[in-house]
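Scroll down for the structure; my scribbles are underneath it.
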2 protein chains.
Amino acid sequence: MNISEVAARAGLPAKTIRYYEEIGLIRPLRGSNGYRAFRETDLHKLAFLGRARSLGFSIEDCRTLLALYEDRSRASADVKAVARSHLGRIAAKIAELQAMQATLTALVDACAGDQRPDCPILGGLALPPAQG
Amino acid sequence: MNISEVAARAGLPAKTIRYYEEIGLIRPLRGSNGYRAFRETDLHKLAFLGRARSLGFSIEDCRTLLALYEDRSRASADVKAVARSHLGRIAAKIAELQAMQATLTALVDACAGDQRPDCPILGGLALPPAQG
DNA sequence: ATGGGGCTTGCCATGGGGGGAAGGTCAAGG
DNA sequence: CCTTGACCTTCCCCCCATGGCAAGCCCCAT
């Protein structure tokens, strides 16, 4: 399998696949012409990586998960720990965004949004945040 | 005012302030020794930028907001448009994270998390996502 | 053999700074 | 006057996870 075929099948850009090889996530073979020669196992790994990335796992998390994926004697507790840690980061990020959303929504709702220059949004950004 | 004082007062790292000058968000004066000489207006702008950034506005959004902030004849509608656009991005990001959260939570809940190797999390990452 | 696509490497760019080196400046103490 | 140490300056490389582009092979069909 050449890179464009495995890219189409894994749903990843060829550039990303080359990058994943460069950082050691996959190790495809090489043909005599220098082309990467992907096996089915490489394709599986790339599909795995694509799904893990789409769930927001970092590359380093992916490296860990891939090692666990390949280790037939792994403990599921190890996998669960990685996943739960990531869930914590997701929850924290959601909370942060929701706080921004609340603050900004309040400012937007207070703004007339007409031709006049008076603007509570700019006012809110210019002054220290009130805690009440 | 030297950079460390304005950094402390604006709550921004000195490095960030130099960066903001480099990209033209602020234009502090210079003393004869080459040191940046910040005025009160520079401090206000930096505090404004810090709050806008903490609400998740991009640097380019900040540039726009700062221009509106300085334009006494702006229309509040222009400000509101920028803020609403940003609120849309925030909502999209929250939705994306919540989708990840839902998928990952389901996998984590299905995982025993013990010493055995069977792991629905890895299974879910290895197989194409079921839509049910 | 010629053309057009696919493959390779390599370098530069993003956003929003962080880290740290090399060197000039300033204020206080001996 | 000299030193010390804190502060300031510019400069360049680093992060993540790619995207874009260019030069130069390679393969297949005509």
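Keep in mind that what you see is a predicted model, and the values were worked out from it rather than measured.
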Review point. Under the side chain to side chain donor-acceptor pair (under 3.5 Å) rule, what pairs show up with a residue in residues 2-11 of chain B, not counting sequence neighbours?
Key: Arg9(B)-Glu40(B)

Exercise for review: Starting from the 5' end of DNA chain C, give me the residue, Arg36(A) or Lys15(B), whose nearest nucleotide shows up first.
Suggested key: Arg36(A)

Check your understanding: Where along residues 95-104 of chain B does a heavy atom come under 4.0 Å from DNA chain C, residue by residue in number order?
Key -> none

Point to revise | Distance, rounded to the nearest Å, where Glu21(A) contributes CD and dT18(D) contributes C1' | key: 16 Å

Review point. Yes or no on side chain to side chain contact (heavy atoms under 4.5 Å, CB included) for Met100(B) and Glu96(B), after CA distance, side-chain angles and deciding distance?
Key: CA-CA 6 Å; Met100(B) 291 178 185; Glu96(B) 185 188 345; 3.7 Å; yes

Practice item. With sequence neighbours excluded, give me every salt bridge (charged side-chain N to carboxylate O under 4.0 Å, His left out) pair touching residues 67-80 of chain A. Key: Lys45(A)-Glu70(A)

Review point. Hey, is the main chain of Ile23(A) close enough, under 3.5 Å, to the side chain of Arg63(A) for a donor-acceptor pair?
Key: yes

Check your understanding: Taking CD1 from Ile3(B) and P from dC7(D), how many angstroms apart are they, rounded to a whole number?
Key -> 13 Å

Review point. Nucleotide range of DNA chain C contacted by chain A, 5' to 3', under 4.0 Å to a heavy atom?
Key: dG6(C) to dC11(C)

Exercise for review: In sequence, state the C-alpha distance, the side-chain angles, and the governing distance for Ile94(B) and Leu97(B), and then conclude on side chain to side chain contact (heavy atoms under 4.5 Å, CB included).
Suggested key: CA-CA 5 Å; Ile94(B) 289 175; Leu97(B) 286 167; 5.8 Å; no

Exercise for review: If a pair satisfies side chain to side chain donor-acceptor pair (under 3.5 Å) and one of its residues is in residues 48-59 of chain A, list it, with sequence neighbours excluded.
Suggested key: none

Point to revise | Residues in ring-ring contact (aromatic ring centres under 6.0 Å, His included) contact with Phe57(A), at least two apart in sequence or another chain | key: His86(A)

Point to revise | Contacts of type side chain to side chain donor-acceptor pair (under 3.5 Å), residue Glu21(A), not counting sequence neighbours | key: Arg30(A), Arg36(A)

Review point. Nearest heavy-atom pair of Ser76(A) and Cys119(B): which atoms, and what distance?
Key: CB-CB, 3.9 Å

**Study point:** Atom-pair distance (CG on Asn2(B); C1' on dA6(D)), nearest Å
**Key:** 12 Å

Revision key, fill the gap. Rounded to whole Å, CD of Glu5(B) lies from C1' of dA6(D) at a distance of 16 Å

Check your understanding: Does anything in residues 27-35 of chain B reach DNA chain C, meaning a heavy atom under 4.0 Å, and if so which residues?
Key -> Asn33(B), Tyr35(B)

Check your understanding: Can you list the residues that meet the salt bridge (charged side-chain N to carboxylate O under 4.0 Å, His left out) rule with Lys15(B), with sequence neighbours excluded?
Key -> none

Point to revise | Residue pair Leu29(B), Phe38(B): steps toward the side chain to side chain contact (heavy atoms under 4.5 Å, CB included) verdict | key: CA-CA 6 Å; Leu29(B) 302 175; Phe38(B) 295 88; over 6 Å; no

Practice item. Would you mind reading off the distance between Ile23(A) atom CD1 and dA17(D) atom P, rounded to a whole angstrom? Key: 8 Å

Exercise for review: Provide, to the nearest angstrom, the distance between the CD1 atom belonging to Ile17(A) and the P atom belonging to dA17(D).
Suggested key: 17 Å

Exercise for review: Enumerate the residues from residues 39-68 of chain B whose closest heavy atom to DNA chain D is under 4.0 Å, giving them by residue number; use none for an empty result.
Suggested key: none

Exercise for review: Mind calculating the distance between CZ (Arg18(A)) and C1' (dG19(D)) to the nearest angstrom?
Suggested key: 12 Å

Review point. Hey, does Phe48(A) have a side-chain heavy atom less than 4.5 Å from the side chain of Leu66(A)?
Key: yes

Please report, to 0.1 Å, the donor-acceptor pairs under 3.5 Å made by any side chain of residues 102-113 of chain B, with sequence neighbours excluded.
from: Thr103(B); atom 1: OG1; to: Ala99(B); atom 2: O; distance (Å): 3.1
from: Thr105(B); atom 1: OG1; to: Gln101(B); atom 2: O; distance (Å): 2.6

Review point. What does the inter-axis angle of the helix from dA1(C)-dT30(D) to dG30(C)-dC1(D) come out as, five pairs per end, nearest 10 degrees?
Key: 30°

Practice item. Flag the pair Asp42(B) / Val6(B) as yes when at least one side-chain heavy-atom distance between them is below 4.5 Å, and no otherwise. Key: no

